[in-house]
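So the structure is just underneath, and the comments pick up after that.
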There are 2 protein chains.
Amino acid sequence: MLTQAAARSTSIKGQAVQAGPPAWGKELAEAIDFIGSPMSFSRDSEIYSEGEPADYLYKVVSGTVRTYKVLADGRRQVGGFYLAGDIFGLETTDEHTFWAEAITACDVLVIKRSALVALAARDHDVAGQLWTITGKELHRVQDHIMLLVKSAQERVAAFLLEMSQRVSTGDAVELPMSRQDIADYLGLTIETVSRTLTLLVNASTIELSSSRRIVLRNRPALSRLNG
Amino acid sequence: MLTQAAARSTSIKGQAVQAGPPAWGKELAEAIDFIGSPMSFSRDSEIYSEGEPADYLYKVVSGTVRTYKVLADGRRQVGGFYLAGDIFGLETTDEHTFWAEAITACDVLVIKRSALVALAARDHDVAGQLWTITGKELHRVQDHIMLLVKSAQERVAAFLLEMSQRVSTGDAVELPMSRQDIADYLGLTIETVSRTLTLLVNASTIELSSSRRIVLRNRPALSRLNG
DNA sequence: CGACCATTTGATATGGATCAAGCGATGTGG
DNA sequence: CCACATCGCTTGATCCATATCAAATGGTCG
């Protein structure tokens, strides 16, 4: 990112930065793939807990991960869903502030944070890429905030569009997570999520081949709902 | 942060990191104070706009700044309030994703991002500190999310406790922002914010010397509300 | 003093939560 | 292979917290 930003300052549009995933350079990606230890987690198993030392960074190889927090009264807030290729567990505090759990059976790469930090001290690109990942996560969380102040329909529409970008096979979206997970991510109840989905079905905006498989029939309508 | 993290890994508690504000090392703070250009903004004036190239970083010297976004239908969501000493405008995207406005008359230091990036390329500490700031902002935004799924009373209580930590003179909190700003930060209406405050007054939890000056009479009660 | 703006207070409406029941898929044991 | 339990999801009825609409109050500045 440091080099990317430097390059950007010499090019007017800096479009090159946007081109081709992943957005962070290959040094970090390679480092993670090289020094990361593969681990497997079964469905619903804990990957790390709130308050645990944040000594590791995680990269999803396969499966889906949720991060969440539980409030004093038991309400659960899902912070995010992480799919293959996504990095999670990134904290700059000493301890994890969320829990992380495997939604499905998962393979992840685990990397010691101190190893990355040491690498970053030698390689400016890696340092910049660490910064970039954090910045992307920040951006994602800010988008999440914008979700939480919208109406139920807007939240669900935004969620479907987001997921379709991430797991899309054409217009079909295969959801790895339950209605409860979705509800806790969107700050709604399962009943409201369910009702909102049937509303969208009745409006022919989506189709529910099965409860976990949703076909987007009318993206413009979803985008319009997205506000 | 890189060095801090390294130091942390050799000390068990890493308490030194927590001790003494500001939490980021002095290299970056000094750099900003040294190379930053002072600028003044009058009340309600725009500092930057959404979509504007994010070429600068800002540090508040005096006054208060709000960042916000406006949804298609005109609803406004305040992303954060920045007080003296706070850094804002930090983005890893090319463009600002929020608006920034002076709530009160403000003095800020403006720093070219490319200058900091260049500095970071030479000085690992600066690079780490840039990362740290971003991580702190990420943490702040995650806390904001937790706010937005709580009840009105809980949101207002959390807001008061947060502000008291930031502008406290004992138990008195001098709010620089309007009820509308607070409402848009908490995802509530001004009426609900106002009603909730009177509720807290009636419960002798707080006192309203004036609408902008709030005395916290019972912090434990507020903390309990905070969930 | 009077105009203006921010805030509070009041009356009513409503979106989503809650409580409760039904339904369909999946799995298990007889 | 079929009764039956279980689990995730949907649907229904009702309630309630907060929004909305409207008016009153209060503080500030010319």
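Residue numbering restarts at 1 for every chain, and letters A, B, ... go by the order of the sequence lines.
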Rounded to the nearest Å, what distance is computed from the [atom1] atom of residue [X] to the [atom2] atom of nucleotide [N]?
X      : N      : atom1 : atom2 : value
A:L200 : D:dT10 : CG    : C1'   : 15 Å
A:I190 : D:dT10 : CD1   : P     : 9 Å
A:L199 : D:dG12 : CG    : C1'   : 15 Å
A:L148 : C:dG16 : CG    : C1'   : 15 Å
A:I182 : D:dT10 : CD1   : P     : 9 Å
B:Q180 : C:dT8  : CD    : P     : 12 Å
A:N202 : D:dT10 : CG    : C1'   : 12 Å

I'd like to check the side chain to side chain contact (heavy atoms under 4.5 Å, CB included) partners of B:S178; sequence neighbours left out, ordered by chain and number.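 If we apply the side chain to side chain contact (heavy atoms under 4.5 Å, CB included) test to B:S178, skipping adjacent residues, the hits are B:Q180, B:D181, B:R212.
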Search all heavy atoms of A:A102 against all heavy atoms of A:F41 and return the closest pair with its distance.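 For A:A102 versus A:F41, the nearest heavy atoms are CB-CB, 3.9 Å.
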Closest approach of B:V167 and B:E174, non-hydrogen atoms and distance?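 B:V167 and B:E174 have their closest heavy atoms at CG2-O, 3.8 Å.
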Who passes ring pair (Phe, Tyr, Trp, His ring centres under 6.0 Å) against B:Y58, sequence neighbours left out?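 Only B:Y48, B:F88 meet the ring pair (Phe, Tyr, Trp, His ring centres under 6.0 Å) criterion with B:Y58.
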Reported CE-to-CG distance for the pair A:M163 and A:L175, which is rounded to 0.5 angstrom: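 Reported to 0.5 Å precision, the distance equals 6.0 Å.
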Of B:L200, B:T192, B:L199, which meets side-chain contact (heavy atoms from CB on, under 4.5 Å) against B:V156?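 Testing B:V156 for a side-chain contact (heavy atoms from CB on, under 4.5 Å) against B:L200, B:T192, B:L199 leaves exactly one candidate, B:L200.
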Axis deviation across the helix from C:dC1-D:dG30 to C:dG30-D:dC1, five-pair ends, to the nearest 10°: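 That helix gives 20° between its end axes.
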Can you pull the side chain to side chain donor-acceptor pair (under 3.5 Å) pairs that have at least one residue in residues 214-227 of chain B, sequence neighbours excluded?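 Pairs touching residues 214-227 of chain B that pass the test: B:K150-B:N226, B:S164-B:R219, B:D171-B:R219, B:E207-B:R217.
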Which nucleotide wins on minimum distance to the side chain of B:L208, given the candidates D:dC9, C:dT8, C:dT7?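 Between D:dC9, C:dT8, C:dT7, the one nearest the side chain of B:L208 would be C:dT8.
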We want to know whether [X] and [Y] form a side-chain donor-acceptor pair, criterion being a heavy-atom distance below 3.5 angstrom.
X      : Y      : result
B:W131 : A:T92  : no
A:T132 : A:Q129 : no
B:E50  : B:T97  : no

Once salt bridge (Lys or Arg N to Asp or Glu O under 4.0 Å) is applied, what residue pairs with a partner in [range] remain, sequence neighbours excluded?
range                       : value
residues 184-195 of chain B : B:R76-B:D184
residues 100-112 of chain A : A:R66-A:E101
residues 159-170 of chain B : B:D86-B:R166, B:E162-B:R166

Check nucleotides 25-30 of chain D for protein N or O atoms closer than 3.5 Å to its own N or O atoms and list the pairs.
none

For a quick check of understanding: with a heavy-atom distance under 4.0 Å over all strands, which category does A:T198 fall into, base, sugar-phosphate or nothing?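 Touches sugar-phosphate only.
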Classify A:S178 by what it touches in the nucleic acid, base, sugar-phosphate, or nothing, heavy-atom distance under 4.0 Å.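 Sugar-phosphate only.
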Below 4.0 angstrom, which residues in residues 66-81 of chain B have at least one non-hydrogen atom near DNA chain D?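 DNA chain D contact set from residues 66-81 of chain B: none.
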For DNA chain D, which residues in residues 209-218 of chain B have a heavy atom at a distance below 4.0 Å?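 Within residues 209-218 of chain B, no residue comes under 4.0 Å of DNA chain D.
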Strictly under 3.5 Å: I want the nitrogen or oxygen pairs between protein and nucleotides 16-20 of chain D, one per line.
from, atom 1, to, atom 2, distance (Å)
D:dT18, OP1, B:A152, N, 2.7
D:dA19, OP2, B:T189, N, 3.4
D:dA19, OP2, B:T189, OG1, 3.1
D:dA19, OP2, B:T192, OG1, 2.4
D:dT20, O4, B:R195, NH2, 2.8

Look at the side chain of A:T134 and the backbone N and O of A:L130, then say whether any donor-acceptor pair between them is shorter than 3.5 Å.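 Indeed, once roles are kept as given, a pair shorter than 3.5 Å links the two residues.
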Taking the six-membered ring for Trp and the full ring for Phe, Tyr or His, determine whether the centres of A:Y68 and A:F98 are under 6.0 Å apart.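 No, the ring of A:Y68 stays outside the 6.0 Å limit from the ring of A:F98, centre to centre.
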Can you list everything that forms a salt bridge (charged side-chain N to carboxylate O under 4.0 Å, His left out) with A:E52? Sequence neighbours excluded, please.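 Scan of A:E52 (salt bridge (charged side-chain N to carboxylate O under 4.0 Å, His left out), adjacent residues dropped) gives none.
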